[in-house]
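This report refers to the structure that appears directly beneath it.
Every chain is numbered from 1, with letters handed out A, B, ... down the list of sequences.
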Protein chains: 2
Amino acid sequence: MTGQPLATDVFSAISAPARRAILSRLATSEMPMQKLAESFDMSLPAVSQHLAVLKGAGLVSVRKAGRQRIYKLNAGPLEDVANWVQEYEKFWTGKMAALGDYLKENP
Amino acid sequence: MTGQPLATDVFSAISAPARRAILSRLATSEMPMQKLAESFDMSLPAVSQHLAVLKGAGLVSVRKAGRQRIYKLNAGPLEDVANWVQEYEKFWTGKMAALGDYLKENP
DNA sequence: CGAACATTTAAGTGATTGCTTAAGTATAAT
DNA sequence: ATTATACTTAAGCAATCACTTAAATGTTCG
């Protein structure tokens, strides 16, 4: 058995700039490989492989249409990233609030 | 010249689970390597190397205190991640709103 | 059917990663 | 000064990565 989709972590899926670029492109609209690949200075297999990783992370879905494969953004898993980063948001937005709290408790 | 800090991309800095764990640990409080390393099932050099990557991404800062190095979270660069992911937020939160808008414009 | 097309899978490669152990460098304690 | 402490840097290694070209797999069209 050669094996299935091979689930990848969403964080490492988005770590490659090329893959973020692909997501960004798909955010405008779903499209077939061919058209998607036009945007990038990369061989078709390279794009296909990136897509496989994104698919493994659940970030894109594919639909067959004749001999084409239409790729579509599936942003759902990015919510994990949003939730993760939100935990740290207080460290940069809360600076003033934190100072206020400190001064309140240490007048 | 062996070279400087070597700036790393914040996205790849946070792609490694070990590094996210380190950030999480540092979010509770700043601490010296020694104490930080206790939390992990990893050699000291391994932690040190992860820290170097995080430092390269500007996610931690170091301060010398005697022979110790006190590491401190610097969440600032995570704002880039937050901003990036926010661009996609509409794709999972806005489903209903988007449908509403669509129906409004295409009654 | 056979040729053209859209895409994936395979195979190979150089670079990078995540770790390890061993050796170095600074600072502090005796 | 010597030795212990707290770390970093170096060297090495197996695994993974991001690509490439070449070959294979559907799928449509003439």
Side-chain angles (χ1 to χ4, degrees), chain A residues 1-26 29-57 59-73, chain B residues 1-26 29-57 59-73:
Chain A
M1 285 153 208
T2 324
Q4 281 159 260
L6 198 38
T8 349
D9 176 40
V10 64
F11 283 92
S12 62
I14 65 169
S15 72
R19 261 169 340 240
R20 290 200 301 279
I22 288 173
L23 289 180
S24 164
R25 190 88 184 75
L26 287 178
S29 114
E30 61 175 22
M31 65 185 80
M33 255 293 297
Q34 195 185 23
K35 194 173 174 199
L36 185 56
E38 277 172 20
S39 316
F40 305 104
D41 190 23
M42 230 187 298
S43 70
L44 235 96
V47 178
S48 183
Q49 284 156 22
H50 280 306
L51 251 357
V53 172
L54 292 171
K55 209 168 62 182
L59 285 166
V60 302
S61 57
V62 212
R63 162 167 54 91
K64 281 174 68 173
R67 49 189 154 181
Q68 307 196 120
R69 248 90 156 181
I70 316 262
Y71 279 91
K72 184 181 165 190
L73 175 68
Chain B
M1 282 158 208
T2 325
Q4 281 158 259
L6 200 37
T8 349
D9 177 40
V10 63
F11 283 93
S12 64
I14 65 169
S15 72
R19 248 143 23 215
R20 290 200 300 280
I22 288 173
L23 289 180
S24 163
R25 190 86 184 75
L26 287 178
S29 114
E30 62 175 21
M31 66 185 78
M33 256 293 297
Q34 195 185 23
K35 194 173 174 199
L36 186 55
E38 277 172 20
S39 316
F40 305 103
D41 190 23
M42 230 186 300
S43 71
L44 233 97
V47 177
S48 184
Q49 286 156 19
H50 280 306
L51 251 356
V53 173
L54 292 171
K55 209 168 63 182
L59 285 165
V60 302
S61 57
V62 212
R63 163 168 54 90
K64 281 175 67 173
R67 51 189 154 178
Q68 307 196 121
R69 249 88 156 182
I70 315 265
Y71 280 90
K72 184 182 165 190
L73 175 69

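At a threshold of 4.5 Å between non-hydrogen side-chain atoms, the residues R69(A) and R63(A) do not count as touching. By the 4.5 Å heavy-atom criterion applied to side chains, K55(B) and V62(B) are counted as neighbours. Put simply, the side chain of L26(A) reaches to within 4.5 Å of the side chain of V60(A), judged on heavy atoms. Between L44(B) and V47(B), every side-chain heavy-atom pair lies at or beyond the 4.5 Å cut-off. Contact of the Y71(B) side chain with the M33(B) side chain is registered, since non-hydrogen atoms from C-beta on lie closer than 4.5 Å.
At the heavy-atom level, Y71(A) lies under 4.0 Å from the strands shown only through sugar-phosphate atoms.
Minimum heavy-atom separation, R19(B) to S12(B): NH2-O, 3.1 Å.
Contacts of Q34(B) classified as side-chain hydrogen bond (donor to acceptor under 3.5 Å, both in side chains), with partners at least two apart in sequence or in another chain: none.
Rounded to an integer number of Å, the gap from CD of Q34(A) to P of dA4(C) is 17 Å. Note: CZ (R69(B)) to P (dT27(C)) measures 8 Å, nearest angstrom. The separation between L51(B) atom CG and dA6(D) atom P is 16 Å, rounded to whole Å. F40(A) places its CZ atom 11 Å from the P atom of dC19(D), with the value rounded to the nearest Å. One can place CD1 of I70(A) at 14 Å from C1' of dT27(D), the figure rounded to the nearest angstrom. Taking atom CG on D9(A) and atom C1' on dC17(D), their separation rounds to 15 Å, with Å as the unit. A straight line from CE of M33(B) to P of dT27(C) spans 17 Å, rounded to a whole angstrom.
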Next item on the list: Would you please test L73(B) and L59(B) for side-chain contact (heavy atoms from CB on, under 4.5 Å) and show each step?
Entry: CA-CA 6 Å; L73(B) 175 69; L59(B) 285 165; 5.5 Å; no
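Near DNA chain D, meaning a heavy atom under 4.0 Å away, the residues from residues 61-68 of chain A are K64(A), G66(A), R67(A).
In terms of modelled atom types and a separation under 3.5 Å, the side chain of R20(B) and the main chain of I14(B) share a donor-acceptor contact.
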Report all interatomic pairs (protein N or O, nucleotide N or O of nucleotides 16-21 of chain C) with separations under 3.5 Å.
from	atom 1	to	atom 2	distance (Å)
dG18(C)	OP2	R19(B)	NH1	2.9
dG18(C)	OP2	R19(B)	NH2	3.4
dC19(C)	OP2	H50(B)	NE2	2.4
dC19(C)	N4	Q49(B)	OE1	3.4
dT20(C)	OP2	S43(B)	N	3.1
dT20(C)	OP2	S43(B)	OG	2.6
dT20(C)	O4	Q49(B)	NE2	3.0

